Structures are given as C-alpha cells and as structure tokens.
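Working notes, structure below.
Here is how names work: the chains are called A, B, and so on, in the same order as the sequence lines, proteins then strands, and each is numbered from 1. Given the structure is predicted, the values throughout are model-derived calculations rather than measurements.
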Protein chains: 2
Amino acid sequence: MQNSFITALTHFSPLSEASQQALAAVSRRLVLEKGHVLVNAGMVSDYIYFIEQGLSRTYYLKEGREVTDWLSADGEIAGSIVSFISRQPDQRIVQLLEPSVVWAVSYGSLETLYAHHHDLERLGRLLVSHGLLQLQHRFDALHMASALERYQGLLANRPALIQRVPLGMLASYLGITSETLSRIRAQV
Amino acid sequence: MQNSFITALTHFSPLSEASQQALAAVSRRLVLEKGHVLVNAGMVSDYIYFIEQGLSRTYYLKEGREVTDWLSADGEIAGSIVSFISRQPDQRIVQLLEPSVVWAVSYGSLETLYAHHHDLERLGRLLVSHGLLQLQHRFDALHMASALERYQGLLANRPALIQRVPLGMLASYLGITSETLSRIRAQV
DNA sequence: GCAATCCTTTGACAATTGTCAAAAAATTAG
DNA sequence: CTAATTTTTTGACAATTGTCAAAGGATTGC
C-alpha cells in the first residue's frame with residue numbers, strides 16, 4: 001500500500017493486493033495551483049477526484065450569481081458528482097480554492113475495475129453510500145432551518161471551512177446572501 | 001422473473017437467474033393499510049422497502065412540528081435510508097399515506113447477497129447512485145430558491161404528489177409553512 | 001510596494017415568509 | 001348521515017431575509 005489515496009479508501013472497505021495495484025495503475029496524482037478548474041460547466045465529467053491536500057468548490061450559476069453546491073477538503077472526494085454518475089452534462093464547475101494535491105480516476109477505468117474486482121465494486125457502493133449520507137446531512141441542515149441555524153450547523157460540523165472559504169461562497173453554500181451571513185457573523 | 005420488484009430492479013442492471021432467485025428468496029411482499037408505520041423513530045432500521053403500489057412519507061419532528069423529508073410512490077424505494085445505510089438510530093419515521101403493496105428486504109440478507117453475487121453488489125451501487133442523484137436534484141430545487149420556485153419545481157417534477165399528498169406535508173417537504181403554500185396555490 | 005481589484009461590511013428600505021388566531025372546508029369515524 | 005376531528009384558508013401583523021448602494025478592508029498582480 002503506497003499512496004494516501006488508496007490508504008484512505010481501504011478505511012472504507014478492505015481491498016486485495018491485486019485490486020489495490022489495479023486501482024493505483026489507473027490513478028494519477030496531480031499537483032495543482034489555486035484557481036485550477038477541475039471540471040467545466042456543460043460537459044460530461046469524466047473524472048472523479050480525491051483531495052490528498054487542499055480544497056475545492058463545486059458551484060453553478062443561477063441568475064448570474066454563483067451558488068456553491070459543495071466544498072471538499074483534505075481526504076474527501078471532489079468533482080461534479082451528478083455528471084460523473086449520470087454521464088450527462090451538468091452546469092456545475094469544480095475549482096480549487098487552494099493549491100492542492102489531488103488524485104484523479106476516470107469513469108471508464110473505474111467501470112473496468114468494477115467489472116473485474118468485486119471488492120472494488122463493493123468499495124464503490126460504500127463510497128456512494130457515504131456520499132449519500134453526507135448529502136442528506138447537509139440537506140437536513142438547511143431544511144426548515146433559519147439562516148442563524150444554518151451558520152451554527154456549519155460552525156458545529158465543519159468549522160475549518162469557515163476559516164478557509166471566503167464568506168460569499170459560504171453564504172451561498174448555506175443558501176443565504178453574503179449580507180445576511182455577514183450580519184449573523186457580526187452578531188454571534 | 002416473477003415479481004414487479006425484481007423486474008423493476010433489473011431495469012437498473014441485469015441480474016443472473018441465480019441472483020434473481022436469491023433475492024426473491026429474501027424479499028417479502030406486504031399488503032398494508034394506510035397509516036401503517038414501516039419504520040419508527042429512534043431505532044436502527046433493518047429493512048428497506050420497494051413500493052409496488054402506494055405512497056409513503058418519511059418525516060421527523062423538529063420543535064414539535066413534522067418535517068417531511070421524503071416521499072416515495074409507486075416503483076420507488078422507501079425507508080429510513082440514513083439509518084439503513086449507517087446502521088445507526090435515526091429520528092425519521094416512515095409511514096404509509098395510502099394503502100400500499102410493498103416489498104421488504106432486510107439489511108442482513110442484503111449483506112449476504114452482496115457478498116456472494118457480484119451482480120447484486122453492482123445493482124446496489126447503482127441504486128444508491130440513483131438515490132444520490134435524486135437527493136441532489138431535490139437539494140438543488142430548494143437551494144437558493146423562493147417558495148414559489150420550489151412549488152413550481154414540484155409541479156414540474158412530481159405533479160402527481162400534489163394530488164396525493166396533503167398540503168401541510170407538501171409544505172414542509174418544500175421547506176415552507178402550510179400558510180405560505182396555501183397562499184401560493186391561491187395565487188397561481 | 002502600490003494600484004487595482006475583489007470581498008466584506010454597513011445602512012436604509014423592500015419583499016418574502018413566518019406566526020398566531022379564527023373561520024371555512026374536508027375528512028374520518030361511529 | 002352526521003358529528004367530531006383534522007386540514008386548509010384567510011387575515012393581520014411581525015420577523016427574517018433580500019436588495020441595492022456605498023464605504024471600508026483585504027488581496028492580488030505587476
């Protein structure tokens with residue numbers, strides 16, 4: 001077991017030596033600068049990313065404004081998940097907010113690996129399940145919650161993001177405006 | 001291929017005869033009345049359900065009010081997904097809104113099937129992926145959207161629900177109050 | 001290091017949505 | 001079928017949040 005990416009994955013589910021090597025063979029490690037765009041809008045995203053170190057933001061434009069959909073930091077998965085899974089174009093853009101080290105795996109190579117290695121297919125299922133839990137948790141945090149509750153939830157669950165992500169992006173991540181978040185911050 | 005449940009699943013991914021039979025052997029078909037509680041709050045949910053016909057609502061209490069988290073109709077999966085996946089207790093309750101015919105499969109039997117049938121593990125991955133897409137779609141529909149936009153989104157995407165689900169439940173499903181939804185309906 | 005740019009804060013005000021209460025309508029149970 | 005219960009609608013008002021504009025800070029690039 002050689003790299004941080006595969007080490008992190010095996011914490012979800014064990015992998016045979018063969019599977020680890022096959023996965024390592026199709027993963028590429030990228031050292032990228034802040035601002036680099038991992039996925040552009042309007043295309044089918046062919047890659048999924050694992051952030052060894054750094055920070056990415058997934059966002060889209062709604063009525064000319066950027067809406068932050070997701071934030072991924074060290075040890076997490078990043079990408080335009082909807083497009084990657086559905087194999088359809090999507091308007092989401094994925095951009096690095098910090099200089100980052102990421103691992104990239106293509107959809108096609110994953111498909112091949114899944115077909116040949118049951119343990120990787122299982123790992124894939126568990127990773128998607130984990131993603132679903134995370135998304136549901138995020139959904140719950142916004143559902144029927146006030147702007148203050150949303151901010152407090154973020155503070156409780158992902159405090160590091162508050163330091164690392166510009167306020168405007170955090171605001172739309174929470175489904176509120178920058179002005180409202182700025183005022184909440186001033187009060188609390 | 002004998003039942004509607006397995007037929008629906010094979011539309012996601014093909015299953016060998018052996019897998020189909022193994023799955024059929026652990027699935028139970030239930031004919032239940034309106035109001036029946038499939039999953040109670042505070043416990044680990046051991047079953048996942050497929051609704052052959054009918055309608056279920058997943059909800060929880062927040063400050064004494066019911067918050068509708070999910071609605072599942074004919075041909076869809078129902079249950080307390082968070083608890084089922086995480087194997088942790090959850091406050092969500094799943095209740096039938098109509099007399100329904102559902103198929104139930106236990107977590108334990110699914111685990112066993114996954115371990116022995118790669119094609120079922122793949123199907124599981126694809127089902128969870130599909131669930132993730134649905135949840136993301138629902139999230140997007142509420143993110144940075146007004147009450148009117150949310151209602152119009154529901155009207156566009158799941159018009160049947162508006163006929164079948166009481167207004168109060170639809171309102172909290174959309175993250176708004178009953179009064180607001182009632183007024184939107186009166187205007188549009 | 002400094003100018004230019006971008007981001008955040010603050011203010012004034014408007015729009016949206018929530019709250020509480022009561023009436024009207026619909027549904028349920030006997 | 002009718003009474004009881006629950007749900008939906010409506011009204012009056014309050015609270016929250018959004019919008020626009022401008023000032024103040026911070027960051028970036030040369």
- prompt: For A/R87, does the CZ atom have more than 12 heavy-atom neighbours from other residues, nucleotides or ligands under 6.0 Å away?
  reply: yes
- Query: How about A/K34: does its NZ atom have over 12 heavy atoms from other parts shown lying under 6.0 Å from it?
  - Reply: no
Is any side-chain N of the basic residue among [X] and [Y] closer than 4.0 Å to the acidic one's carboxylate O?
X: A/R125; Y: B/E111; answer: yes
X: A/R164; Y: A/D74; answer: yes
X: A/E98; Y: A/R57; answer: no

Could you tell me if the side chain of B/V31 sits less than 4.5 Å from the side chain of B/Q53, heavy atoms only? no
Atom [atom1] of [X] to atom [atom2] of [N]: distance rounded to whole Å?
X: B/L167; N: C/dA24; atom1: CG; atom2: C1'; answer: 15 Å
X: B/I184; N: C/dT16; atom1: CD1; atom2: C1'; answer: 10 Å
X: A/E149; N: D/dA15; atom1: CD; atom2: P; answer: 17 Å
X: A/Q187; N: C/dT8; atom1: CD; atom2: P; answer: 19 Å
X: A/E98; N: D/dT28; atom1: CD; atom2: P; answer: 12 Å
X: B/R185; N: D/dT8; atom1: CZ; atom2: C1'; answer: 9 Å
X: B/L174; N: C/dT17; atom1: CG; atom2: P; answer: 12 Å
X: A/Y151; N: D/dT17; atom1: OH; atom2: C1'; answer: 17 Å

5'-most contact on DNA chain C (nearest-nucleotide basis), B/L148 vs A/A186, goes to A/A186
For nucleotides 18-23 of chain C, 5' to 3', base contacts (B), sugar-phosphate-only contacts (S) and non-contacts (-) with protein non-hydrogen atoms under 4.0 Å give SBB---
Closest of D/dT10, D/dT28, C/dT9 to the A/S182 side chain is C/dT9
Against the side chain of A/P166, the closest entry in D/dT8, C/dT28, C/dC7 is C/dC7
(Q) Does A/R138 qualify as a cation-pi partner of A/Y173, given the criterion of NZ or CZ under 6.0 Å from the six-membered ring centre and within 45 degrees of its axis? (A) yes
